[in-house]
Amino acid sequence: MGRVPKYRAWYKPKGVMIQPENLVMINFDTKVLGVYMEMDGKGYHVLRMSDFELMEYTGLKDKNDQEIYEGYILLWEHKGLSVKVKVRFKDGMFLAGDMPLYDCLDEEIIGNIYENPELIEE
């Protein structure tokens with residue numbers, strides 16, 4: 001049995017990150033998300049998926065035991081060289097830059113592309 005998918009979500013209209021425990025429903029058929037977030041005097045909202053960027057949990061953790069999600073930025077250090085790499089999903093696997101993510105587990109999360117876009121030069 002595979003792992004159950006887990007997500008964080010960047011809510012674009014307000015510029016806020018929705019943590020996995022507050023993202024309680026994703027319906028890919030109707031393209032809506034159910035989230036707990038204070039807005040308009042209410043706590044629970046069903047919102048359009050197009051207003052979000054979903055970040056899937058990779059199933060892996062960094063050197064500080066922090067969960068790594070798609071869209072995270074890792075600091076990769078090797079032989080005195082430091083490089084910031086973005087975690088992405090391509091060709092059926094998670095990558096850190098162009099390397100398989102499972103080869104980068106001694107690295108450290110330093111941010112993500114939504115809250116810290118200045119960390120990555122495109």
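Minimum heavy-atom separation, Tyr69 to Glu67: OH-OE1, 3.0 Å. The nearest pair of heavy atoms linking Gly111 to Asn116 is CA-OD1, 3.2 Å. For the residue pair Trp10 and Gly15, the shortest heavy atom distance occurs at CH2-O, 3.1 Å. Across all their heavy atoms, Glu70 and Arg88 have their closest contact at CG-CA, 4.2 Å. In terms of heavy-atom proximity, Ile120 sits nearest to Lys84 at CD1-O, 3.9 Å.
A heavy-atom distance below 4.5 Å is not found between the side chains of Lys12 and Tyr114. Side-chain contact check for Met39 versus Lys14: some heavy-atom pair is nearer than 4.5 Å. For the pair Val24 and Tyr44, the minimum side-chain heavy-atom distance is below 4.5 Å. Side chains of Leu74 and Val87 form a contact here, defined as non-hydrogen atoms less than 4.5 Å apart. The closest side-chain heavy-atom distance from Leu101 to Met99 is not below 4.5 Å. Val32 has its side chain within reach of Met25: a pair of non-hydrogen atoms, C-beta onward, lies under 4.5 Å apart. The side-chain heavy atoms of Ile109 and Ile73, taken from C-beta on, include no pair separated by under 4.5 Å.
Of the possible donor and acceptor atoms, one in the side chain of Thr58 sits under 3.5 Å from a partner among the backbone N and O of Ile68. Panel note: side chain His45, backbone Tyr36; no donor-acceptor pair is recorded below 3.5 Å.
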*Walk me through it: do Lys63 and Glu107 pass the test salt bridge (charged side-chain N to carboxylate O under 4.0 Å, His left out)?*
CA-CA 6 Å; Lys63 70 179 185 178; Glu107 313 316 327; over 6 Å; no
*Can Glu115 and Asn112 be said to form a side-chain hydrogen bond (donor to acceptor under 3.5 Å, both in side chains), step by step?*
CA-CA 6 Å; Glu115 295 173 301; Asn112 67 67; 2.6 Å; yes
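Hydrophobic clustering keeps Ile26 apart from Val46 (ILVMFWY residues linked when any side-chain heavy atoms are closer than 4.5 Å, directly or through intermediates).
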